[in-house]
Amino acid sequence: RYYGTHLLADVLRGSQSKQVISNKLFDIPEYNALAIMRRDDLLLVIEWLIEKHYILQTKHPKYPVLHPTYEGIHYSETITTKDLEKLCKLLHENRIT
């Protein structure tokens, strides 16, 4: 099954939303893994991952869904310190605005 951006954020933050519960996503290891992050920050990171092609967002008949990419699965081979520094800067700017 594939899900969208907001459900991914809900799972990573440990949400008890109806969709998380009905799909039993609280059973996966990543559930609640990023509970310390603000939702806005987490959504920004997910959008950054899509932009950098670590996650592919495809058009589904009802809503866009997320898929892993080769780059995402092998991120350690492609991600750079400079990329991560830019992401940190984006997160910092997001908190100021």
Side-chain angles (χ1 to χ4, degrees):
R1 294 187 129 172
Y2 298 100
Y3 302 100
T5 302
H6 291 278
L7 187 55
L8 175 58
D10 286 348
V11 169
L12 293 172
R13 292 195 73 240
S15 170
Q16 293 283 322
S17 73
K18 182 180 175 182
Q19 216 174 3
V20 169
I21 293 169
S22 66
N23 289 291
K24 298 182 180 179
L25 297 172
F26 49 80
D27 283 338
I28 66 171
E30 294 78 13
Y31 180 77
N32 205 36
L34 297 175
I36 63 169
M37 286 188 75
R38 294 181 340 161
R39 183 176 177 79
D40 289 346
D41 290 341
L42 190 51
L43 290 171
L44 187 141
V45 170
I46 294 167
E47 290 298 324
W48 182 85
L49 290 167
I50 292 168
E51 179 184 312
K52 296 293 184 183
H53 204 255
Y54 291 105
I55 300 174
L56 177 66
Q57 187 173 34
T58 60
K59 301 298 180 201
H60 186 273
K62 292 182 182 178
Y63 55 87
V65 294
L66 305 175
H67 299 268
T69 63
Y70 179 85
E71 291 87 350
I73 293 168
H74 299 92
Y75 70 92
S76 62
E77 298 170 11
T78 58
I79 201 164
T80 65
T81 302
K82 190 170 186 163
D83 288 334
L84 294 174
E85 288 170 352
K86 287 179 183 178
L87 176 58
C88 286
K89 184 178 178 185
L90 282 172
L91 287 167
H92 179 72
E93 290 169 358
N94 189 48
R95 288 186 176 220
I96 294 173
T97 58

Q: Tell me, with the steps shown, if Asp83 and Lys52 meet side-chain contact (heavy atoms from CB on, under 4.5 Å).
A: CA-CA 9 Å; Asp83 288 334; Lys52 296 293 184 183; 4.2 Å; yes
Q: Looking only at heavy atoms, which two atoms of Thr58 and His67 are closest? And how far apart?
A: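 That would be OG1-NE2, 3.0 Å.
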Q: Starting at CG of Leu8, measure out to CG of Asp10 and round the result to the nearest 0.5 Å.
A: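 It is 9.0 Å, given to the nearest 0.5 Å.
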Q: Using the rule that Ile, Leu, Val, Met, Phe, Trp and Tyr join whenever any side-chain heavy atoms are under 4.5 Å apart, tell me whether Ile79 and Leu90 fall into a single cluster.
A: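 Yes; Leu90 is reachable from Ile79 via cluster members.
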Q: Check the hydrophobic clustering (I, L, V, M, F, W, Y; side-chain heavy atoms under 4.5 Å; chains of links allowed) and say if Ile50 and Tyr3 are grouped together.
A: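 Not linked; separate clusters.
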Q: Set out, in order, the CA-CA distance, both residues' side-chain angles and the distance that settles side-chain contact (heavy atoms from CB on, under 4.5 Å) for Glu47 and Glu51, then state yes or no.
A: CA-CA 6 Å; Glu47 290 298 324; Glu51 179 184 312; over 6 Å; no
Q: Taking OH in Tyr75 as the centre, count heavy atoms belonging to other residues, nucleotides or ligands within less than 6.0 Å. Is the count above 12?
A: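 No.
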Q: Of Leu49, Thr5, Ile46, which is the lone residue that meets side chain to side chain contact (heavy atoms under 4.5 Å, CB included) with Gln57?
A: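 Exactly one pass, corresponding to Thr5.
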Q: What pairs with Asp41 under side-chain hydrogen bond (donor to acceptor under 3.5 Å, both in side chains), at least two apart in sequence or on another chain?
A: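 With sequence neighbours excluded, Asp41 shows a side-chain hydrogen bond (donor to acceptor under 3.5 Å, both in side chains) to Arg38, Asn94, Arg95, given in chain and number order.
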Q: Do Tyr70 side-chain atoms and Tyr54 backbone N/O form a donor-acceptor pair below 3.5 Å?
A: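 Answer holds: no.
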Q: Can you confirm whether Leu84 is buried at CG, in the sense that more than 12 heavy atoms of other residues, nucleotides or ligands lie under 6.0 Å from that atom?
A: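 Result for CG/Leu84: enclosed.
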Q: Specify the closest pair of heavy atoms between Arg13 and Met37, including all atoms of both residues, with the distance to one decimal.
A: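 Shortest heavy-atom contact: NE-O, 2.8 Å.
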Q: If only atom types and distance count, is the side chain of Thr69 paired as donor or acceptor with the main-chain N or O of Leu56 below 3.5 Å?
A: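 Side chain of Thr69 to backbone of Leu56: no pair is present.
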Q: Which heavy atom of Ala9 sits nearest a heavy atom of Leu43, and at what distance?
A: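 Here Ala9 and Leu43 meet closest at CB-CD2, 3.8 Å.
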Q: Could you tell me which residues satisfy side-chain contact (heavy atoms from CB on, under 4.5 Å) with Pro68, sequence neighbours excluded, listed by chain and number?
A: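 Tyr2, Ile73.
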Q: Looking at CD of Glu85 and NZ of Lys89, how far apart are the two atoms once the value is rounded to the nearest 0.5 Å?
A: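 Answer for the CD-NZ pair, Glu85 versus Lys89, is 10.5 Å.
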Q: Are the side chains of Asn23 and Arg1 in touch, meaning some heavy atoms are under 4.5 Å apart?
A: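 A side-chain contact exists here, since the closest heavy-atom pair is under 4.5 Å.
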Q: Is it true that Leu44 and Leu42 fall in one hydrophobic cluster, defined by side-chain heavy atoms closer than 4.5 Å?
A: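 As far as the 4.5 Å side-chain criterion goes, Leu42 and Leu44 are connected within one cluster.
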Q: For residues Leu7 and Val65: do they belong to one hydrophobic cluster (side chain heavy atoms under 4.5 Å, members Ile, Leu, Val, Met, Phe, Trp, Tyr)?
A: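 Unlinked, Leu7 and Val65 end up in two clusters.
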Q: When you measure from the side chain of Tyr31 to the backbone of Val11, do you find a donor-acceptor pair of N or O atoms at a distance under 3.5 Å?
A: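 Not a single qualifying donor-acceptor pair exists.
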